[in-house]
> 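This is the structure, below, for whatever I ask next.
Computed from a predicted structure; not experimentally measured.
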Amino acid sequence: MTANPLDEIRQVERSVAAALAAATAESEAAVADAKRAAEQLVRAAGQRGRATAERRYAEGLARARDEAEAILADAGGRVAALRRQAEAALPGAVDAVVAMVLPGGG
């Protein structure tokens, strides 16, 4: 007995429907995997970006502190030099004031 053509068509339709369902499930799983991978990449990039930003901030802050310390050290040196100059000039300034105030230079 030969197979009924309608039964053969139904069998092919079932096979095609099963293959389509399997392909759909496979593609949905692939899309879900790709989405998870993309989200993981975004998280990793965000973490690397934050780490880089924090590192650069710390480096910049350290440079700024170093520059501030250098400026303060230079200013301290200048203040000390000016103080020495003032102290060295003080006796001469006192003599000049005394000479101006007292007739005959004191």
> Spell out, yes or no, whether Val94 and Leu102 are grouped together once hydrophobic residues are joined by side-chain heavy atoms under 4.5 Å, including indirect joins.
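Yes, same cluster.
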> Should Glu8 and Gln11 count as side-chain neighbours, where that means a heavy-atom distance under 4.5 Å?
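The answer is no; the side chains never approach within 4.5 Å.
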> For the atom pair CD (Gln47) and CZ (Arg50), what is the distance rounded to the nearest 0.5 Å?
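Gln47 atom CD to Arg50 atom CZ measures 6.0 Å (nearest 0.5 Å).
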> Answer with yes or no whether the hydrophobic clustering places Leu90 together with Val98; edges join I, L, V, M, F, W, Y residues whose side-chain heavy atoms lie under 4.5 Å apart.
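Looking at the clustering, Val98 is in the same group as Leu90.
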> Enter the distance from Asp95:CG to Met100:CE here, rounded to the nearest 0.5 Å.
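If we round to the nearest 0.5 Å, Asp95:CG and Met100:CE are 11.0 Å apart.
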> Tell me which pairs pass salt bridge (Lys or Arg N to Asp or Glu O under 4.0 Å) where either residue lies in residues 56-72, with sequence neighbours left out.
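Salt bridge (Lys or Arg N to Asp or Glu O under 4.0 Å) check on residues 56-72 returns Arg55-Glu59.
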> Got a sec: does the CD of Glu39 have more than 12 other heavy atoms crowding it under 6.0 Å?
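Atom CD in Glu39 is packed in, count exceeds 12.
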